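As the structure lists them, so they are numbered: ligands from 1, and atoms in each ligand from 1. These numbers were taken from a predicted model, which means no experiment stands behind them. Along the sequence shown, the residues carry numbers beginning at 1.
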Amino acid sequence: MNIAVVGCGYVGLVSGTCLAALGHQVTGIDVDTKRVASLQAGKVPIYEPGLSEMILQQTAAQRLRFTTDLSSAVREAQVVFVAVGTPPSPEGGYDLSMLFGAVEKIIEAAQSEKTIVIKSTVPPGTGEKVAQLAAKSPHRLEVVNNPEFLREGTAIHDFMNPDRIVFGAGTAEGLAVLREIYQPLIDKGFHILSMGRASAELSKFGANAMLAMRISFINELSRLASAVGADIESVRMGIGSDPRIGPAFLKAGIGYGGSCFPKDVAALVHQMESLGMEPHLLSGIERANQHQRADFVGRVMRAVSDVKSPQIALWGLAFKPDTDDIRESPAIDIARMLVEAGCTVRAFDPEAMDNARRILGDKITYAPDVTSATKGADAVVLATDWSVFITQNWQGIRQIMRGTHVFDGRNCLASGKVGAAGLHYHAVGRPPVKPGGGREGTVGVVVAG
Ligand code: UDX
């Protein structure tokens with residue numbers, strides 16, 4: 001199938017490349033001439049494991065190309081995916097100007113029957129508006145929603161192994177086109193869920209809000225766990241072993257970030273309020289998320305309160321490991337809060353330093369590696385669970401630090417090893433470990449046979 005993908009951002013690039021790998025002829029389109037030129041030269045502007053290699057393979061196989069010329073790419077295509085950005089609007093909803101701008105250009109360029117697939121995340125009701133616009137074309141332009149559920153860092157795997165392919169539009173013709181596109185995945189046993197447009201749109205928002213809610217839920221519980229001497233990791237097992245609940249997305253820490261959860265939760269709240277409904281539960285999700293960051297910084301500041309100019313080694317800037325994305329990253333907020341509280345912050349992140357520098361400028365310093373970030377630090381603050389942090393030699397870390405505090409914002413470090421190195425280990429919702437290794441309070445879960 002000949003497919004045009006409008007938008008070479010995160011979702012567009014991953015989807016376009018994977019569609020080419022499924023055997024389709026794909027043209028990626030973007031208005032950003034620099035981005036297109038770099039893609040044409042084989043340079044990928046985002047960090048996503050495996051993506052560069054896959055783009056090179058698919059371009060070499062002549063199944064994938066990039067252009068700024070939307071009109072001719074759309075004219076040649078049977079199917080046009082819309083994967084442009086839908087950033088948050090100042091009012092708390094979604095700014096859909098790029099989406100409608102792209103749709104108008106597609107309608108203008110179309111000289112024959114086509115299917116327009118909305119891949120961008122859009123609030124419920126948007127697909128219907130796009131369909132109304134498309135109905136004005138003299139050619140039959142079918143509009144379908146096909147929301148993307150991929151996660152950064154595992155995007156290719158997620159696209160190729162979808163839990164579900166959601167199809168919104170409900171028409172037999174649209175479904176037939178989507179089937180043809182995803183046939184190689186359907187052959188492997190993955191299935192399409194066919195539903196109405198608004199249902200497809202709300203499914204995407206609902207999934208993200210539910211996952212964000214689970215994180216905020218466990219984070220709220222982690223505060224109580226600390227207060228009563230419980231270990232949130234044991235509690236997570238205790239509740240996550242119930243098959244009705246499950247353990248996924250119940251990892252306590254400094255909260256969620258990224259381009260989806262904060263924006264989607266805010267947009268749902270905004271949409272409900274604008275329809276005159278009160279979002280009792282949804283409005284608490286982000287509040288709890290923000291609180292988690294502030295609470296964590298408060299604990300760091302209490303630990304270094306007797307130091308005149310505290311030096312903090314900030315481990316991680318990305319919102320999660322295996323990405324260079326810092327959008328809504330808790331680490332960035334934490335860096336700002338630490339600086340405002342009078343600390344000197346030296347940060348290291350394997351991939352997100354350039355992006356962070358663009359936002360934080362010289363508020364903090366950027367170290368070339370973990371050791372340089374940590375030398376002379378009064379406290380290590382781990383904000384992103386990159387494996388390079390998890391595998392550190394704690395005896396070595398202890399020797400280069402000035403102070404003794406390690407704050408694990410992702411509950412990912414081996415507390416015993418940190419304590420054994422003579423450091424104070426502080427996690428989220430877990431009893432602290434004193435230098436020497438003895439955990440205060442309760443420990444782990446015992447499985448009796
Ligand atoms: C998310 C959804 O998972 C994906 O389906 C959707 O398409 C886009 O939004 P992504 O933003 O890439 O994907 O990241 P994800 O892996 O879901 O993590 C989001 C945030 O939650 C990260 O900051 C992560 O550190 C945090 N998180 C995740 C927790 O704090 N605890 C958990 O248990 C899981």
Item checked: Member of Val370, Asp322, Leu317 meeting the side chain to side chain contact (heavy atoms under 4.5 Å, CB included) criterion with Trp386 -> Asp322

Notebook entry, point to check: Would a distance-only check, ignoring hydrogens and angles, find a side-chain to backbone donor-acceptor pair under 3.5 Å from Asn145 to Glu201?
Noted result: no

Margin query: Does the Lys NZ or Arg CZ of Arg357 fall within the cation-pi geometry relative to Tyr366 - under 6.0 Å from the ring centre and within 45° of the axis?
Written below: yes

Note to self: My understanding is that only residues two or more places apart in sequence, or in another chain, count here; which of them pass side chain to side chain donor-acceptor pair (under 3.5 Å) with Ser372?
What the structure shows: Asp369

Next item on the list: Please list, by chain and number, the protein residues whose heavy atoms come under 4.0 Å of ligand 1.
Entry: Glu148, Phe149, Leu150, Arg151, Glu152, Lys204, Asn208, Ile215, Phe249, Leu250, Lys251, Gly255, Tyr256, Gly257, Cys260, Phe261, Phe319, Lys320, Arg410

Checklist line | side-chain hydrogen bond (donor to acceptor under 3.5 Å, both in side chains) assessment of Thr171 paired with Glu142 | finding: CA-CA 9 Å; Thr171 66; Glu142 178 97 20; 2.3 Å; yes

Check: Between Met353 and Ala367, what is the shortest heavy-atom contact and its length?
Finding: CE-O, 2.8 Å

